[in-house]
Amino acid sequence: MSRPVLLVIAHGSRDPRHAATVHALVREARAQRPGLRVETSFLDFNVPGPLGVLESLAAEGVRDVVALPLLLTRAFHAKADIPAVLRQAPPSLRVHRADVLGPSPLLLTALDRRLYEAGLTPADKPTTGVVLASAGSTDPEAIAVIADIAREWRHTGWCAVRPAFASASLPRTEDAVRALRALGCARVAVAPYVLAPGRLPDRIAAGAAEADVLSGVLGPAPEVARVLIERYEEASAGALAALGA
């Protein structure tokens, strides 16, 4: 069995910054694994779509594909939308599904990286409260995962870490900022737990108006690319085992 093609499936957005950031992340992943073929697709708003890429790969004679949801939690898109698309893949393809990116200790390192790039230092951790601001979801599993990540990140030395959500769930970013102020943190930072710019990340930024620091989206951070490659390799190993290779 030859190395499967990696098909990244991103969310998509009307905001052109979204697709540009996804492509930058894919370039970083390619740089970390030279020779690995990586194709990029989008569920909505951008092209190409995943089904079109799968059909093109099948027409080329590709046999094995690892489909990787470029998502941080297992919510509706990971549980319903993407599986529905993959079920329509050409029958000549063996499509192996990779897990979503989060949670991962590497993503906590990427969050730290973005906060340090925004002006904080490791010495600021004990006096800084951080809002872990995600897009939000109606899926209880996804919400619970964000809360777990906040607790885990707090154990790395931050004064406090509170989860917040741009939609579908509470609290909002601005409410979490105020809660950290009330807790007595000397400084409050907002760390978007999102992969690329768009409408919800902009809402997070607006909610960070009263914070001292707002970091950038995770984007093409090297740690994010490393997680992407890890998820691909896990799925590839499972495919090889299933085929007895």
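These numbers come from the heavy atoms of this one structure, side chains and all, not from hydrogens, waters or symmetry mates.
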Close side-chain approach of Leu68 to Arg97, heavy-atom, < 4.5 Å: no
Separation between CZ (Arg3) and OG (Ser236), nearest 0.5 Å, reads 8.0 Å
With side chains defined as the heavy atoms from C-beta onward, is the minimum distance between Trp158 and Pro126 less than 4.5 Å? no
Kindly say whether the aromatic ring centers of Tyr232 and His96 come within a distance under 6.0 Å. no
Exam field: side chain Arg172 to backbone Ser169, donor-acceptor pair closer than 3.5 Å: yes
Where is the tightest heavy-atom contact between Ala75 and Ala142, given as atom of each residue plus distance? CB-CB, 4.0 Å
Flag, side chain of Ser167 to backbone of Ala135, donor-acceptor distance under 3.5 Å: yes
Decide yes or no for Cys159 and Thr127: does some side-chain heavy atom of the first lie under 4.5 Å from some side-chain heavy atom of the second? no
Taking all atoms of both residues into account, what is the closest heavy-atom pair of Leu214 and Pro192, and its distance? CD1-CG, 4.0 Å
Where is the tightest heavy-atom contact between Thr173 and Ala208, given as atom of each residue plus distance? CG2-N, 4.0 Å
Sub-3.5 Å donor-acceptor pair from the side chain of Arg162 to the main-chain atoms of Ala176, do we have one? no
With a 4.5 Å cut-off on side-chain heavy-atom distances among I, L, V, M, F, W and Y, is there a chain of contacts connecting Leu71 to Leu43? yes
Using a 3.5 Å distance criterion without hydrogens, assess whether the side chain of Arg14 forms a donor-acceptor pair with backbone atoms of Arg199. no
Heavy-atom side-chain contact between Leu107 and Tyr193 under 4.5 Å: yes
Side-chain heavy atoms of Thr21 within contact of Pro197, under 4.5 Å: yes
Between CG on residue Leu195 and CG on residue Leu25, distance to nearest 0.5 Å: 7.0 Å
Quick check for you: to the nearest 0.5 Å, what is the distance between Ser134 atom OG and Ile143 atom CD1? 6.0 Å
Is it true that Val22 and Leu72 fall in one hydrophobic cluster, defined by side-chain heavy atoms closer than 4.5 Å? yes
Just so I know, are the side chains of Thr128 and Val188 near enough to count as touching, which here means a heavy-atom distance under 4.5 Å? no
Whether Ser41 side chain and Val8 backbone form a donor-acceptor pair below 3.5 Å: yes
What's the separation between atom NE2 in His23 and atom CZ in Arg30, rounded to the nearest 0.5 Å? 9.0 Å
When hydrophobic residues are tied together by side-chain contacts of less than 4.5 Å, even through go-betweens, does Val62 share a cluster with Leu6? no
Are Arg114 and Ser215 close enough that a side-chain donor and a side-chain acceptor fall under 3.5 Å? no
Spatial distance of atom CG (Leu86) from atom CG (Leu51) [nearest 0.5 Å]: 9.0 Å
Could you walk me through whether Arg181 and Glu210 satisfy the salt bridge (Lys or Arg N to Asp or Glu O under 4.0 Å) test, starting with their C-alpha distance in whole Å, then the side-chain angles of each, then the deciding distance to 0.1 Å, before giving a yes or no? CA-CA 10 Å; Arg181 290 267 189 236; Glu210 296 178 21; over 6 Å; no
Looking at every non-hydrogen atom in both residues, tell me the closest pair between Pro201 and Val217 and how far apart they are. CB-CG1, 4.4 Å
Pair Thr121, Asp124: side-chain N/O donor-acceptor within cut-off below 3.5 Å: yes
For residues His18 and Asn46, is any side-chain donor paired with an opposing acceptor at under 3.5 Å? no
Would you say Leu180 ends up clustered with Val161 if hydrophobic residues are merged whenever their side chains have heavy atoms under 4.5 Å apart, either directly or through other cluster members? no
Kindly say whether Val100 contributes a backbone atom to a donor-acceptor pair with the side chain of Arg231 at under 3.5 angstrom? yes
Would you please test Glu28 and Arg33 for salt bridge (Lys or Arg N to Asp or Glu O under 4.0 Å) and show each step? CA-CA 9 Å; Glu28 174 64 23; Arg33 285 294 182 276; over 6 Å; no
Using a 3.5 Å distance criterion without hydrogens, assess whether the side chain of Asp44 forms a donor-acceptor pair with backbone atoms of Gly12. no
Would you mind reporting whether Leu108 and Ile149 have side-chain heavy atoms less than 4.5 Å apart? yes
Only one of Leu101, Val26, Val224, Ile9 passes side chain to side chain contact (heavy atoms under 4.5 Å, CB included) with Leu70, and that residue is Leu101
Glu152/Arg154 under salt bridge (Lys or Arg N to Asp or Glu O under 4.0 Å): CA gap, chis, key distance, verdict: CA-CA 5 Å; Glu152 182 179 350; Arg154 161 70 181 83; over 6 Å; no
Between the CG atom in Leu120 and the CG atom in Asp112, the distance rounded to the nearest 0.5 Å is 9.5 Å
In the single-linkage hydrophobic clustering (I, L, V, M, F, W, Y; side-chain heavy atoms under 4.5 Å), do Val213 and Val131 co-cluster? no
Tell me the closest heavy-atom pair linking Arg17 and Asp15, and the distance in Å. NH2-OD2, 2.6 Å
To check you understand the geometry: which heavy-atom pair defines the closest contact between Gln32 and Pro222, and what is its length? NE2-O, 3.0 Å
Will you find, in the side chains of Asp148 and Trp153, an N or O donor that is under 3.5 Å from an N or O acceptor? no
If you count heavy atoms of other groups shown closer than 6.0 angstrom to CZ of Arg226, is the number above 12? no
Any side-chain heavy-atom pair of Arg74 and Asp99 under 4.5 Å: yes
Is the backbone of Thr156 close enough, under 3.5 Å, to the side chain of Lys125 for a donor and an acceptor to pair up by distance? yes
Derivation of the salt bridge (Lys or Arg N to Asp or Glu O under 4.0 Å) call for Arg187 and Asp212: CA-CA 6 Å; Arg187 186 185 299 101; Asp212 301 295; 5.8 Å; no
